[in-house]
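What follows is a set of notes on a single structure, which appears directly below.
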Amino acid sequence: MEVGIPKGTRDFLPIEVARRKWMFGIIEEVFKVYGYVPIETPVLENLSTLTGKYGEEGDRLLFKVLNNGDYLNKADDQAYQNKDSNKFTPSIAKRGMRYDLTVPFARYVVMHRNDISLPFKRYQIQPVWRADRPQKGRYQEFYQCDVDVVGSKSLSYEAELIQIYDDVFAALGIPVIIRINHRQLLSGIAGFAGIGEQWIDMTMAIDKLDKIGEEGVRKEMGERNIPAAAQDIIFNLLKHKDIASLRAAVTEDPAVAGSLEEMERVFNFLDGLTLKNKVQFDITLARGLGYYTGCIFEVTAVDAEMGSLGGGGRYDNLTGVFGWPDVPGVGVSFGAERIYDVLEAKGLFPAHVQAGPKVLIAAFDDASHQYAFKCVSQIRQAGIAADLYPEPGKLKKQFKYATDIGSTYIAIAGETEASKGTLNLKHLQSGEQEELTIEAIIAKLK
RNA sequence: GUGGCUAUAGCUCAGUAGGUUAGAGCGCUAGAUUGUGGUUCUGGAGGUCGUGGGUUCGAGACCCUCUAGCCACCCCA
């Protein structure tokens, strides 16, 4: 029988799970310190909750779940005859798997509006699913770690989220650049260049500036029917690398001025704080154009070939589609899989992050195996992860097993040790070895 | 959704103009080694060459089909 798992999904080995837990633990710890509380939502949402929230592209990438029972009986014959998948699908699938954590969160806020107080600060670490074609750093099942606050327009939260990014990546040991931009600045620039209607086209093109260069961006703008004259105006503005000089160049535009002031206020909050990573204004940054309305963020590793490790932004009206208008919010997300891949590639996992027990006990013969069993239960009672090799005998085999399962120590039990109530405790990596009583071992490993 | 590349042992890959019994390294296993592993040496097991078809006296190699994986684009974490 041929075995396999669906494309874009992965199994995790014990050591990988240990490392992932370490990583999630660091992220979660920072979230908690900043006063965010965890929530969870189901894997499955009503398809109607999900469709139409991520654009046409997003709808295509949604995993739909076939109805139970005699679903064909209730299927939309008409739509089937017309080969109209968009209309047919809802008649056979009323549920879908969540595509991100933000939309389910919006639904959650609306449904539980009586149980939560605003501003509501939540974090959520759960897997999401996208029927995307897998490639490097991209999977069909992957974890997102979201922190959002809804119910406040305070720009202090933008600053706070930048700090969270800074703290997490510092704790993980990945140097990053945190970039910030503003949606209204982008639409303002488009308006300034006389192509206000096409601001999204413009933004998607300049987002690729560092990848395809000015020439490539101009070509793409041309393909999107942005006139050359407008392109010139835009590139003139893109030359400004800091907020002050940009402000001087576009004084009369209130949308632009407002967005610049907002970003300046965010930087003012951060002023005087010691950040471990670089935070910079980047006029070419674009993301989440569908629903972000204010500041937008993105994090990239300083020296790793990997897409963004996270991003986010402010949205004025996330819950509006679910019937509760004018609830502002801001949040960011961490791309756990990519962060893991970077940690792995750069060997940043600490040596103490191991899958196996603290100690494996090896015995020579039946008598010492009996003794070792008493020892291992005593160590376990003290709350220390310990294991006993099931057969007494050759040490070579037992050493190899101890190393393979990731045990930190091996403890040898023989006739001499049994008579003295001791074990020979050896650190597998350093090779240091000492004969200790069980009590001493417990004290040492605790 | 579009395009490109790949598919040979558990893993990473060789396999020369189509020509006998398809190889290596790593891993696995047994021993050298009856109280000390990750070093070394020796032996052993393990392959319908992804699937189905075609060309040929002869196909792992050439052609087509399908499937799977990888990479890039779109988009995105």
Side-chain angles (χ1 to χ4, degrees), chain A residues 2-10 13 27 54-62 85 98-102 125-146 165 200 203-205 207-208 211-212 216 220 223-224 286-290 297-301 304-312 331-342 360-365 368 372 389 392-407 409-418 423-435:
Chain A
E2 197 155 318
V3 294
I5 53 174
K7 70 175 168 193
T9 66
R10 295 153 299 159
L13 294 170
I27 294 171
Y54 308 104
E56 206 178 306
E57 181 76 6
D59 285 353
R60 190 167 62 76
L61 300 181
L62 275 176
S85 302
R98 63 166 172 257
Y99 176 90
D100 71 358
L101 300 178
T102 310
I125 299 175
Q126 289 192 284
V128 302
W129 289 267
R130 296 182 188 177
D132 208 354
R133 193 172 284 202
Q135 52 181 281
K136 187 175 182 176
R138 174 183 281 186
Y139 307 93
Q140 291 203 342
E141 178 188 55
F142 62 98
Y143 272 74
Q144 284 192 332
C145 316
D146 275 26
Y165 267 145
I200 288 185
T203 304
M204 286 175 72
D207 184 38
K208 297 175 186 165
K211 208 169 178 180
I212 59 179
E220 183 149 343
E223 283 162 6
R224 292 167 187 263
R287 56 172 299 113
L289 302 168
F297 311 101
E298 188 158 284
V299 180
T300 45
E305 292 291 319
M306 187 59 73
S308 76
L309 300 182
V332 297
S333 178
F334 289 75
E337 317 302 337
R338 289 185 177 178
I339 294 170
Y340 182 94
D341 288 349
V342 170
L360 176 89
I361 302 182
F364 279 108
D365 48 47
S368 44
Y389 195 81
K394 283 196 184 138
L395 282 185
K396 181 179 169 118
K397 229 178 183 172
Q398 309 195 51
F399 263 88
K400 185 163 166 33
Y401 183 73
T403 308
D404 286 348
I405 63 173
S407 182
Y409 291 90
I410 190 167
I412 297 155
E415 213 177 317
T416 11
E417 288 85 357
L423 288 172
N424 237 312
L425 187 71
K426 180 170 187 171
H427 193 275
L428 280 162
Q429 268 173 16
S430 70
E432 267 174 61
Q433 181 170 333
E434 53 185 333
E435 191 177 338

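In what follows, every chain begins at residue 1, and chains take the letters A, B, ... in the order their sequences are listed. Heavy atoms only: backbone and side chains are in, while hydrogens, waters and symmetry mates are out.
If you check every strand for non-hydrogen atoms under 4.0 Å, A:D100 touches nothing. Counting non-hydrogen atoms under 4.0 angstrom, A:G137 reaches a base of the nucleic acid.
Test A:I405, A:T403, A:D404 against A:S407 for side-chain contact (heavy atoms from CB on, under 4.5 Å) and you get one pass: A:I405.
Of the P atoms belonging to B:U8 and B:A61, the separation is 13 Å, rounded to the nearest Å. Using C1' as the reference atom, B:G60 and B:A14 are 12 Å apart when rounded to the nearest Å. Separation of the P atoms belonging to B:C66 and B:C5 is 16 Å when rounded to the nearest angstrom. Using atom P as the reference point in both B:G27 and B:C64, the two lie 40 Å apart (nearest Å). B:A72 and B:A30 have their P atoms separated by 42 Å, with the value rounded to a whole Å. Separating the P atom of B:C71 from that of B:U55 is a span of 37 Å, rounded to the nearest Å. Distance noted for atom C1' between B:G19 and B:U56: 12 Å (whole Å). Taking atom C1' in both B:C13 and B:G54, the straight-line distance is 29 Å, to the nearest Å.
Summarising the geometry, the separation between CG on A:L62 and P on B:C76 is reported as 14 Å, rounded to the nearest angstrom. Look at CD1 on A:I200: it is 12 Å from P on B:C75, rounded to the nearest Å. Distance, A:L61 CG to B:A77 P: 11 Å, rounded to whole Å. The distance between atom NZ of A:K136 and atom P of B:G4, rounded to the nearest whole Å, is 22 Å. Atom CG in A:D132 sits about 12 Å away from atom P in B:C73, given to the nearest Å. Here B:C73 presents its P atom at 16 Å from CD of A:E223, a figure rounded to the nearest Å. The interatomic distance linking A:D59 (CG) with B:C74 (C1') rounds to 16 Å, in whole Å. Rounded to whole Å, the distance from CD on A:E141 to P on B:A77 is 17 Å.
Ring-to-base geometry does not place A:F334 in a stacked arrangement with B:A77 (centre distance under 5.5 Å, plane angle under 30° required).
For A:Q433, the side chain to side chain donor-acceptor pair (under 3.5 Å) test picks out A:N424, with sequence neighbours left out. For A:R224, the salt bridge (charged side-chain N to carboxylate O under 4.0 Å, His left out) criterion is met by A:D201, A:E220, not counting sequence neighbours. Considering only residues two or more places apart in sequence or on other chains, A:E415 meets the side-chain contact (heavy atoms from CB on, under 4.5 Å) condition with none of them. Applying the side-chain contact (heavy atoms from CB on, under 4.5 Å) test to A:A362 and every residue at least two apart in sequence or in another chain returns A:L395, A:Q398, A:I410.
Heavy-atom contacts from other residues, nucleotides or ligands closer than 6.0 Å to CD of A:E432 number 12 or fewer.
Checking the phosphate oxygens (OP1, OP2) of B:A72, a side-chain nitrogen or oxygen of A:Q135 falls inside 4.0 Å. OP1 and OP2 of B:U67 both lie 4.0 Å or more from every side-chain N or O belonging to A:K7.
Side-chain atoms of A:R133 and base atoms of B:G3 include a donor and an acceptor less than 3.5 Å apart. Judged by distance alone with a 3.5 Å cut-off, no donor-acceptor contact links the side chain of A:R130 to the base of B:C75. Judged by distance alone, with hydrogens and angles left aside, A:R338 brings a side-chain donor or acceptor within reach of the base of B:C76, the pair sitting under 3.5 Å.
Between A:Y401 and A:Y389, the gap from one ring centroid to the other is short of 6.0 Å.
Note on ring orientation: taking the six-membered ring where Trp is involved, the planes of A:H427 and A:Y409 are perpendicular (angle over 60°, cut-offs 30° and 60°).
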Q: Could you check A:F334 against A:Q144 for side chain to side chain contact (heavy atoms under 4.5 Å, CB included), going step by step and ending with a plain yes or no?
A: CA-CA 6 Å; A:F334 289 75; A:Q144 284 192 332; over 6 Å; no

(Q) side chain to side chain contact (heavy atoms under 4.5 Å, CB included) for A:Q126 and A:D146? Distances and angles first, verdict last. (A) CA-CA 9 Å; A:Q126 289 192 284; A:D146 275 26; over 6 Å; no

Q: Summarise protein proximity over nucleotides 25-41 of chain B in one line of letters, 5' to 3': B for base, S for sugar-phosphate only, - for none, counting protein heavy atoms closer than 4.0 Å.
A: ---S-SSB--BBBB---

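Both key distances under 3.5 Å define a Watson-Crick or G-U pair, and stretches of 3 or more such consecutive pairs in RNA chain B run B:1-7 with B:67-73, B:10-13 with B:23-26, B:28-32 with B:40-44, B:52-54 with B:62-64.
The main-chain N or O of A:V128 is never found under 3.5 Å from a side-chain atom of A:R98 such that the two would form a donor-acceptor pair.
Between A:E298 and A:P134, the residue anchored nearer the 5' end of RNA chain B, judged by the nucleotide with its closest heavy atom, is A:P134. Positionally, the nearest nucleotide of RNA chain B for A:P6 lies more toward the 5' end than for the other of A:P6 and A:E57.
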